[in-house]
Amino acid sequence: MGVSRDSVASHQTFKAKYDIPFALLADVDSVLYDAMGEGVARSTFLIDARGTIVRVWPKVQVEGHADEVLAALA
């Protein structure tokens with residue numbers, strides 16, 4: 001799933017535009033963002049079934065990032 005501080009409406013538009021097949025959560029009150037700490041903007045966290053962060057991609061560049069994350073899941 002994806003999480004950002006954008007609104008639900010913004011997520012719905014983004015999801016439809018890019019045909020995203022997974023849930024997008026709206027953290028409009030920055031609850032998760034604040035809990036993760038400084039510098040999480042445009043970061044990706046790979047979290048296992050136990051809730052452990054197993055990999056972090058800080059300062060994500062959109063181009064090619066999805067392929068990199070999918071490769072880490074393999």
Side-chain angles (χ1 to χ4, degrees):
M1 76 181 51
V3 180
S4 82
R5 295 183 290 178
D6 295 330
S7 69
V8 171
S10 174
H11 279 152
Q12 289 172 335
T13 301
F14 183 80
K15 188 171 179 167
K17 181 178 180 178
Y18 294 102
D19 196 27
I20 295 174
F22 52 83
L24 296 178
L25 303 179
D27 184 25
V28 294
D29 295 324
S30 299
V31 173
L32 182 58
Y33 181 86
D34 291 344
M36 297 302 285
E38 296 290 322
V40 297
R42 291 274 181 186
S43 297
T44 298
F45 296 83
L46 180 57
I47 303 172
D48 69 14
R50 295 178 305 246
T52 302
I53 297 172
V54 294
R55 182 153 179 202
V56 178
W57 289 266
K59 300 179 183 175
V60 168
Q61 298 297 317
V62 174
E63 186 67 34
H65 182 59
D67 293 331
E68 187 178 356
V69 174
L70 288 172
L73 295 172

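Nothing fancy with the numbering, it's 1 onward along the sequence.
Within the model, atoms CG of Asp29 and CG of Asp34 stand 9.5 Å from one another, a figure rounded to the nearest 0.5 Å.
Heavy-atom minimum distance, Ala72 versus Leu46: CB-CD2, 4.3 Å. Between Phe22 and Met1, the shortest heavy-atom contact is CD1-CA, 3.9 Å. The two residues His11 and Leu25 come nearest to each other via the heavy atoms CE1-O, 2.9 Å.
Every pair passing salt bridge (Lys or Arg N to Asp or Glu O under 4.0 Å) that includes a residue from residues 63-74 is listed here, sequence neighbours excluded: Arg55-Glu68.
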inquiry  = What verdict does the side chain to side chain contact (heavy atoms under 4.5 Å, CB included) test give for Met36 and Asp27, after you've listed the backbone C-alpha separation in whole Å, the side-chain angles of each residue and the deciding distance to 0.1 Å?
reply    = CA-CA 12 Å; Met36 297 302 285; Asp27 184 25; over 6 Å; no
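Between Val3 and Tyr33 there is no side-chain heavy-atom pair separated by less than 4.5 Å.
Not a single salt bridge (charged side-chain N to carboxylate O under 4.0 Å, His left out) links Arg5 to another residue, sequence neighbours left out. In this view, Val28 and Ala26 satisfy the side-chain contact (heavy atoms from CB on, under 4.5 Å) rule, not counting sequence neighbours. In this structure Asp48 satisfies the salt bridge (charged side-chain N to carboxylate O under 4.0 Å, His left out) test together with Arg50, sequence neighbours excluded. Under the side chain to side chain donor-acceptor pair (under 3.5 Å) criterion, Asp6 pairs with Ser4, sequence neighbours left out. With sequence neighbours left out, the ring-ring contact (aromatic ring centres under 6.0 Å, His included) criterion links Tyr18 to Phe14.
The cluster map of Ile, Leu, Val, Met, Phe, Trp and Tyr, joined by side-chain heavy atoms under 4.5 Å apart, puts Leu24 and Leu70 in different clusters. Linking Ile, Leu, Val, Met, Phe, Trp and Tyr whenever their side-chain heavy atoms come within less than 4.5 Å puts Leu73 and Val54 in one cluster. Cluster membership check: Val69 does not share its hydrophobic cluster with Ile47, using side-chain heavy-atom separations under 4.5 Å among Ile, Leu, Val, Met, Phe, Trp and Tyr. When the side chains of ILVMFWY residues are joined at heavy-atom separations under 4.5 Å, either directly or via intervening members, Phe45 and Leu32 end up in a single hydrophobic cluster.
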